[in-house]
Amino acid sequence: MRPLFRRLFPLLALALALAACNHDETPTFDQPEAGEMLSGGSTTVMQFDQNAFSMPSANLAPMRRLDFSVGNSFFRNPWVIAPSSTTARDGLGPLLNTNACQNCHIKDGRGHPPEPGAASAVSMLVRLSVPAGPEHAEVIRERGIAQEPSYGGQLQDMAIPGVAPEGKVRLGYSIERVRFADGTEVELRKPEVELSELAYGEMHPDTQLSLRIAPPMIGLGLLEAIADEALLANADPDDHDDDGISGRPNRVYDQTTRQTVMGRFGWKAGQPSLNQQNADAFFNDMGLSTSLFSGSSCTDRQTDCRALPDGGEPEVSDNILAQVLFYTRNLGVPARRNVGDPQVLAGKTLFHRAGCQSCHVPQFTTAADAAEPELASQVIRPYTDLLLHDMGEGLADHRPEFEASGREWRTAPLWGIGLTRTVSGHSQFLHDGRARNLLEAILWHGGEAERARQTVLGFDQQERNALVSFLESL
């Protein structure tokens, strides 16, 4: 028993230390909570390999799994150029970032930035906009941004044969150093983007750029099934409780209802529904029209692009769009691992001591009238509030989107984050993939999260390891 005691003693000592110095309002976790392993309630899947993010919700009936497979085929398989005998899948481009959804969301997981100097940006996008003036009022109401006049709202670095891609994207990095209280130093990298080979003229001199990697696809239907009221209960835009956290919803335009509603999808919560998020990706990433976004993604200044044949209107039928919606709504969340491990429990206590749960809200119950019966009344643990938070100057992209400022980002869900390397083959986090591990991601937090960041900077090596172990269990 002595070797086992020697292995457990540091963890027991850490637990005792946490209990001794714990603030009265911060709980100490010494055992798992009931049902904590089931991050997606009864939809939770028991898959932990490279396919962990590609499984249907566990409670889908066999016939519904067939519908899931049909949607998966349209998500996974490439679209083709029009005109084509493959009429159900033609109309690609002319300008695009990819020819299939799965190319960015590889294995339904997280995208990544290109290697420094590489000219290919598959699974990463560059959003474009210009400062809005009074003349952009209607566009801002419906699209949330004023698009760059020649290149639109997104740089498309690929094109069909005979058409020039809009340009190439290359990344470099500058280095910032951060020191923990125990003297440990960490190097953080900050991306510096370079656009080259611009095919349609110079960009507006005040163009605003924002790098975005593709987020993981799991649990999106469950996030959509959280009632607005449950999310708004965590909003505190004026920080009335004086805790430094002032989350607020983004208010965005719904293309279906033609109303301004609460946003919840995208890095700045710029989309109100999963269906609109999918339609926007078809339109901007692949140049495919839907009943929500008709016409061409080519700008008025790209006349040759606009003159080419299309795949009909819409190119993505409502039936195909609905099948993709069913697939993306029902990608299951993997169960947590090691929830009872002493180091994971110690890390959970530290997570709460730092106040991370103020934005990364652990638990919700989905609405009883969810769009799919399998998603209704589920106790889920996504670790997000889906609200906007000022994350400080370090993460700012200085590019507003609807009501989100250039310093605000939606709280990213943490469920499944510990399986990122297994599924996606890397561990690059945040909206632009700058963080090479979870600790770096924490250290980029500022603004409303500055107090939490400073708390973590005070952790010693053992505490940092415990905090990361907890995050990797999610």
Side-chain angles (χ1 to χ4, degrees), residues 39-40 45 47-55 72 75-76 97-98 100-116 118 120-127 154 169 171 173 188-189 191 210-223 264-271 274 277-278 280-281 285 327-337 360 381-384 386 391 395 397 409-445 468 471-474:
S39 297
V45 299
Q47 188 92 10
F48 310 108
D49 60 11
Q50 63 180 353
N51 296 312
F53 289 0
S54 299
M55 306 303 295
N72 183 23
F75 191 86
R76 184 180 302 273
N97 294 100
T98 186
C101 308
Q102 189 75 211
N103 293 342
C104 293
H105 304 276
I106 302 167
K107 295 284 187 182
D108 301 290
R110 187 182 304 270
H112 59 84
E115 292 299 316
S120 174
V122 173
S123 81
M124 187 195 76
L125 305 171
V126 181
R127 301 286 196 199
Q154 178 173 310
V169 181
L171 284 189
Y173 292 93
L188 304 179
R189 62 176 192 172
S210 185
L211 303 178
R212 310 283 178 88
I213 63 168
M217 299 296 297
I218 55 172
L220 299 182
L222 293 168
L223 296 179
R264 62 179 70 201
F265 296 107
W267 287 105
K268 286 182 180 276
Q271 296 292 354
L274 190 49
Q277 172 73 21
N278 293 342
D280 185 87
D285 299 355
Y327 173 72
T328 53
R329 269 182 177 159
N330 288 288
L331 281 163
V333 181
R336 281 188 58 192
R337 290 80 53 214
H360 292 283
R381 293 170 174 82
Y383 284 86
T384 179
L386 298 182
M391 295 301 293
L395 286 178
D397 66 352
W409 299 94
R410 184 201 69 161
T411 305
L414 297 182
W415 53 12
I417 202 166
L419 290 169
T420 299
R421 180 170 290 282
T422 299
V423 172
S424 301
H426 67 84
S427 57
Q428 299 180 83
F429 301 105
L430 300 177
H431 66 278
D432 53 15
R434 69 177 67 186
R436 292 162 291 190
N437 54 59
L438 291 169
L439 193 59
E440 286 187 16
I442 294 169
L443 296 178
W444 273 112
H445 284 50
V468 170
L471 293 173
E472 289 179 342
S473 78
L474 295 179

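Residue numbers start at 1 and run along the sequence shown. Only this structure's heavy atoms are used, side chains among them; waters, hydrogens and symmetry mates stay out.
Residues satisfying the side chain to side chain donor-acceptor pair (under 3.5 Å) test with Thr328, not counting sequence neighbours, are Asn278. In terms of the salt bridge (charged side-chain N to carboxylate O under 4.0 Å, His left out) criterion, residue partners of Arg329 (sequence neighbours excluded) are, by chain and number, Glu224, Glu372.
Between Arg110 and Ser424, the shortest heavy-atom distance links the atoms N-OG, 3.1 Å. Residues Leu430 and Ala435 share a closest heavy-atom pair of CD1-CB, 4.0 Å. The heavy-atom pair separating Phe48 from Thr422 by the smallest distance is O-CG2, 3.6 Å.
One finds the CG atom of Leu419 at 10.0 Å from the CD atom of Gln47 (value rounded to the nearest 0.5 Å). Note: Leu414 CG to Glu472 CD = 12.5 Å, rounded to the nearest 0.5 Å. We find the NE2-CG distance between His431 and Leu395 to be 6.0 Å, quoted to the nearest 0.5 Å. The CG atom of Leu331 sits 10.5 Å away from atom CG of Leu222, with the distance rounded to the nearest 0.5 Å. Residue Asp432 holds its CG atom at 5.5 Å from CG of Leu211, rounded to the nearest 0.5 Å.
At least one cation-pi condition fails for Arg381 and Trp415: the charged atom is not both under 6.0 angstrom from the six-membered ring centre and inside a 45 degree cone around its axis.
The aromatic rings of His112 and His426 sit perpendicular, their planes meeting at an angle over 60°, well past the 30° parallel limit. In this structure, His360 and His445 have tilted ring planes: the angle between them lies in the 30° to 60° band.
Residues Ser427 and Leu438 have side chains not in contact (no heavy-atom distance under 4.5 Å, counting atoms from C-beta outward). Tyr327 is listed as a side-chain neighbour of Asp108, based on a closest heavy-atom distance under 4.5 Å.
Here the side chain of Arg264 pairs a donor or acceptor atom with the backbone of Leu223 at under 3.5 angstrom. Of the possible donor and acceptor atoms, none in the side chain of His105 sits under 3.5 Å from a partner among the backbone N and O of Pro216.
Looking at Ser39 and Arg336, their side chains never bring a donor and an acceptor atom within 3.5 Å of each other. A donor-acceptor contact under 3.5 angstrom links the side chains of Arg127 and Gln154, judged on distance only.
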